[in-house]
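Worksheet: the structure to be examined is printed underneath.
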Amino acid sequence: MLPNAIDPDYYSADEVAILTGKHISDDKLPLNREKFRSNALPFYSAAGSVTEGYIYATHARGGRLVDVRMKARSKSIRVRFAVLLPTEGFDYEFSDLHKRYAEMETLPDLTVSQLRQRLNKEPCCTTNQDGSGNGDPLNVVLIGSAEDVIAALSSSGWTFTESITIDSIMRMVGAAIEEKAFPSAPVSALYAYGRKQDIALQRGRSTISQRNHMRLWLAPYRCEGQPVWVGQVSRDIGVKLTSKSSTLTTHVIDPVVDESREYLLDSLLHRNAVSRFAFVKGVGEASHDSPRVNLMDDPYFTDGYRLVAWISRKPVSLADAIDLNWNDSADPVRQMSGKFNHPKIEAY
């Protein structure tokens, strides 16, 4: 077994014994050390045997990916799953998602062809609470169980977001002043299907003003027995003051929202998490000369399509991920660059 795949900074059994033995009497230290040694998951297991135990890993606020890899002489095994670490401070802990998810089997089950037609008819954008204004475009659709979707996003560096509280706002303000990262910083509520997002995630960067963030809603239908998640993804590139937010501040999104959509696809493909993908019509084209705006008056440009990605439980190599060729999305960089000279690139 490769413990480094689970956590390259994992702790040895004796290390954990030292860390947990600071307030234990000297006569009990050997017993404490033996407890962690005996409960450690072995690196080597005999063929056909069953073993159980622990990998002593670093703490990850909110949740973490567990990537189990085992190597035998002629083959290997890989299992990935996400572990939620409740803190009573994250959005998903206050969501009614678990109730809706429990009723998944009662939802209409669409074929792939029916899904394409249904997605073409979905609303263009997120909205505010009363539905009177359009926000960021609904530009991403993920298909897969909650466990597989969270595991795939976790492996790509996405983390859960915290609820908006006085504490999280103060830490967010502090991170902004000191220009530090805040990987679990809260995101504001946007609405689809008459409710705020079921799950919010982000992929933090070097400072709080720079991050990729995503909101997902469980759709009222399935595809081939799998849950469908409709969402919005964008990249934050700055912070501004606004009276439209309860915190009086908001992030400024990158106007080229298609690049955020492609970033998500790239990160999932890179982690071998996509079996199929396609693009369907969404918000509609918005050019550089005639942009749309979100609820915070940030302009954005787009070719108007939504990404649709099937999340695979088993790793799928980049070469084996199938493009269904429903529509051709524009190159987000070239799309907004206008005319320019570029070197000739041969594509195979």
Answer yes or no: does atom [atom1] of [X] have more than 12 heavy-atom neighbours from other residues, nucleotides or ligands under 6.0 Å?
X	atom1	answer
K71	NZ	yes
Y193	OH	yes
E34	CD	yes
Y54	OH	no
D328	CG	no

Same cluster (ILVMFWY, side-chain, under 4.5 Å), [X] and [Y]:
X	Y	value
L119	L324	yes
L41	F36	no
L216	L65	no
L201	L97	yes
V280	L110	yes

For the residue pair [X] and [Y], confirm or rule out a side-chain donor-acceptor distance under 3.5 Å.
X	Y	result
T20	N32	yes
T58	D9	no
D27	S25	yes
D136	S234	no

Nearest heavy-atom pair of [X] and [Y]: which atoms, and what distance?
X	Y	value
E285	R292	O-NH2, 3.8 Å
A152	I311	CB-CG2, 3.7 Å
P315	R78	CG-CD, 3.7 Å
V149	G144	CG2-O, 3.7 Å
A321	F277	O-CE2, 4.2 Å
P108	P220	CD-O, 3.5 Å

Is there side-chain contact between [X] and [Y], with heavy atoms separated by less than 4.5 Å?
X	Y	value
N139	V233	yes
L19	Y11	yes
I150	W158	no
Y300	P291	no
L138	V283	no
I199	W229	yes
L264	N212	no
R195	L218	yes

Return the CZ to NE2 distance between R235 and H213, rounded to the nearest 0.5 Å.
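Rounded to the nearest 0.5 Å, the CZ-NE2 separation comes to 12.0 Å.
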Roughly how far, to the nearest 0.5 Å, is CG of N294 from OG1 of T126?
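The CG atom of N294 is 8.0 Å from OG1 of T126, to the nearest 0.5 Å.
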Which pairs, with at least one residue in residues 106-131 and sequence neighbours excluded, count as a salt bridge (charged side-chain N to carboxylate O under 4.0 Å, His left out)?
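Passing the test, one end in residues 106-131: no pairs.
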On the six-membered ring of F279, is R306 placed so that its NZ or CZ lies under 6.0 angstrom from the centre and within 45° of the ring axis?
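No cation-pi geometry.
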Has R276 got its NZ or CZ under 6.0 Å from the middle of the six-membered ring of W310, at an angle within 45 degrees of the ring axis?
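Checked: cation-pi criterion met.
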As a quick check of understanding, evaluate salt bridge (Lys or Arg N to Asp or Glu O under 4.0 Å) for R69 and D67, giving each step before the final call.
CA-CA 6 Å; R69 301 191 192 193; D67 190 348; 3.3 Å; yes
salt_bridge(D266, R271) N-O dist < 4.0 Å
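No salt bridge links D266 with R271.
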[X] side chain to [Y] backbone, donor-acceptor under 3.5 Å:
X	Y	result
D198	W217	no
D258	E262	no
R203	S156	yes

D303 vs S329, side-chain hydrogen bond (donor to acceptor under 3.5 Å, both in side chains): CA-CA, chis, key distance, verdict:
CA-CA 7 Å; D303 62 12; S329 65; 4.7 Å; no
